[in-house]
Amino acid sequence: MELVRKLASVKAREKLADGAWQETVVKWSLIFTGAAFLVSMMVLPLVLIGVEAMAKGWAAYVRAVSEPFAQKALWLTAEATILAVLSNTVFGLAAAWLLTKFDFKGKSLLGAIIDLPFAVSPVVAGLFFIMLFGRLSPFYDTLQAYQVAVVFAVPGIVLATIFVTLPFIARSIVPVMEAQGRQEEEAAALMGASGWRIFWQITLPNIKWGLLYGIILCSARAMGEFGAVSVVSGHIRGKTNTLPLHIEILYNEYNFTAAFAVASILVILAVVVLILRNLVEWNLTRAERTGEHEL
Amino acid sequence: MSYEVELKHIEKYFGSFKAADDASFGVEKGQLAGLLGPSGSGKTTLLRMLAGLEQPDKGEIRIAGRLVNDVPARERGIGFVFQNYALFRHMTVRDNLAFGLRVQNVDDHTIKVRTDELLELTGLTAVAKRYPQQLSGGQRQRVAFARALAPNPKVLLLDEPFAAIDAKVRKELRSWLREAIHNLGITSLFVTHDQDEAVEVADKIIIVNKGRIEQAGSPVEIYQSPQTPFVADFIGESVKVEDYTQFKGFGDEQAQAGTYQGAHARMGIIRPEFIELAKDEREISLPLGAEQGVVKATYFRGSSMAVDIEVRGQILRAARSLEKEPLQVGDKALAFIHRIYSLDAGQTRIIENRAKRQESVVI
């Protein structure tokens with residue numbers, strides 16, 4: 001009897017050990033698969049950009065980066081990004097405020113329209129601006145008369161960037177505003193506060209981290225935008241080339257070192273944005289937890 | 001009678017849902033009134049329309065005699081305490097209280113004096129520098145109350161002011177709030193689904209059901225003479241009986257009332273306090289009129305026992321003092337029903353037990 005029980009317990013232990021071993025195998029193979037995926041898809045390309053950029057040494061790198069066309073592209077990218085972020089901040093705030101604090105007919109339609117740039121391919125968006133402001137446009141003669149160039153010029157690039165990055169800020173603050181409800185605003189209104197005062201003193205302080213998060217996402221997307229901008233830009237060196245377009249041109253000219261050197265600027269910017277994003281995100285969750293809003 | 005706050009024939013639809021149905025009531029100056037009704041009865045909607053946060057589809061809203069339908073919320077001069085307080089989360093307690101005064105461009109010195117006064121009144125001086133998230137539920141409630149009072153509103157509205165507070169603190173806050181409002185003499189209206197709260201706090205209770213005002217009156221009036229079947233059923237711990245004429249002392253009501261029309265003509269409501277419960281005949285004042293029953297369940301209520309007793313196939317709820325000999329499940333007991341609310345033809349009528357009436361005739 002005693003022996004049987006012992007045998008049974010040994011068997012059970014073996015079974016357990018068997019199960020545990022299997023568990024370990026599954027665990028490590030999953031970890032390995034994940035890590036391998038991450039390395040091949042994310043880490044290797046980034047490392048490669050660095051290696052290629054430095055392939056002909058530091059001097060070549062500096063030369064490629066400080067070359068006038070590259071500099072010009074960097075500034076154009078900065079300009080388009082800043083303008084896109086500014087206009088989308090204003091628009092995003094207005095749209096989110098409207099979507100969360102008011103009830104009206106066509107509300108869900110407005111929500112869908114805001115998301116449209118997410119769904120539409122950037123190339124299509126670019127073509128759409130060509131149709132709207134280019135030679136085929138009904139406004140073309142008027143624009144010509146006032147000597148306003150939109151397509152194949154900076155305004156077109158800015159418009160395309162605004163379009164592509166339009167949803168980011170609105171979509172980052174809508175959930176925050178929704179979670180906070182309308183009662184604080186209602187309370188302020190009942191105390192006699194005007195809409196303007198309510199916005200600046202009640203709503204904005206409550207959503208500032210969400211807003212900052214949206215601004216960062218929007219900047220990241222605006223800096224890297226290629227498709228839509230490529231269509232409207234016309235690729236005029238030193239005039240309408242943004243960084244991503246400049247990289248493409250360099251690459252097509254088999255000037256790999258310069259292409260990767262300029263690409264490394266975008267990567268550095270992206271990393272800075274990621275760090276900022278994580279800081280803000282950390283602050284956002286902390287603010288939610290404790291209700292305190294400090295840097 | 002002139003009311004400080006008055007709603008007249010208010011109707012309000014949300015889609016096809018009727019939130020207010022020809023609702024009319026008023027609150028006198030300095031009165032503390034309670035809107036009482038089950039969840040979804042439309043009481044909060046009435047309060048929000050009064051504040052200007054919702055627009056009625058029909059009807060008039062008057063504050064201090066003035067028609068305010070088209071006056072925006074911020075110009076109505078109303079203090080509002082939200083159910084979840086809606087404190088400004090990024091402001092300290094003091095800044096929360098000062099907000100309404102800053103809006104009115106009051107000078108800093110006056111703001112300081114007024115907020116100090118309110119902090120004192122609400123006992124929040126020690127936590128003036130804290131943020132709402134650092135306060136307890138009871139403290140937040142008091143901040144919300146003080147914030148609503150800060151700009152000296154004509155009318156104070158409170159939406160379920162005690163709902164988010166635990167039972168012990170709620171009791172304290174109730175009496176504190178009642179006292180504070182009476183001392184200030186501000187016309188106040190609060191919404192609650194808790195009848196104990198309404199009875200304890202309010203000078204006047206307005207009972208709301210499905211967007212309609214069922215009855216308005218003092219707690220005593222509401223309690224002692226409910227005017228509609230809903231009120232009779234909703235107020236107190238009521239038990240509905242299908243046919244009250246089966247009980248001793250109520251059998252010949254037929255002759256008296258003369259009418260037995262409609263499906264619910266014999267329906268009645270019996271409250272625990274209408275029943276005198278006894279273990280045997282020695283305990284009861286009028287043993288001849290008492291019904292025999294069997295105890296089905298007992299519940300300890302802290303200060304008394306609630307006893308479910310089956311009489312003529314009907315479970316009735318009665319109360320029994322802890323001082324008396326306890327009743328056990330399965331015990332035989334006597335129940336003398338003093339009175340019943342009859343719900344004949346949608347009208348509530350109090351019917352006294354015939355045994356008592358005869359007794360009084362003899363005397």
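Order of the sequence lines sets the chain letters (A, B, ...), proteins ahead of strands, with each chain counted from 1. Reckoned from all heavy atoms, side chains included, excluding hydrogens, waters and symmetry mates. What you see is a predicted model; the values in this text were computed from it and never measured.
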For each of [options], tally heavy-atom pairs with chain A at distances under 4.5 Å, and name the one with the top tally.
{"options": "B:Leu53, B:Ile78, B:Val103", "answer": "B:Val103"}
{"options": "B:Arg102, B:Arg76, B:Glu75", "answer": "B:Arg102"}
{"options": "B:Phe80, B:Tyr85, B:Phe88", "answer": "B:Phe88"}

For this session: Could you walk me through whether B:Thr45 and B:Glu54 pass the side-chain hydrogen bond (donor to acceptor under 3.5 Å, both in side chains) test, one step at a time?
Result: CA-CA 7 Å; B:Thr45 305; B:Glu54 305 278 356; over 6 Å; no

Under 4.5 Å from any heavy atom of chain A - which part of [X]:
{"X": "B:Arg147", "answer": "both"}
{"X": "B:Leu101", "answer": "neither"}
{"X": "B:Asn105", "answer": "side chain"}

Seminar exercise, completed: Closest non-hydrogen atoms of B:Val191 and B:Asp159, given as atom of the first, atom of the second and distance, are CG1-OD1, 3.7 Å

Exercise. Taking NZ, NE, NH1 and NH2 as the nitrogens, is one of them in B:Glu4 or B:Lys154 under 4.0 Å from a carboxylate oxygen of the other?
Worked result: no

Exercise. Are the charged groups of A:Arg182 and A:Asp103 less than 4.0 angstrom apart, N to O?
Worked result: yes

For this session: Output the option from A:Ser194, A:Gly181, A:Ala188 having the highest count of non-hydrogen pairs under 4.5 Å with chain B.
Result: A:Ala188

Exercise. Under 3.5 Å, is there a donor-acceptor pair linking the side chains of A:Gln183 and B:Asn84?
Worked result: no

Exercise. Less than 6.0 Å separating the ring centroids of A:Phe118 and A:Phe168?
Worked result: yes

Exercise. Chain B heavy atoms under 4.5 Å from A:Gln201: which part of the residue, side chain, backbone, both or neither?
Worked result: both

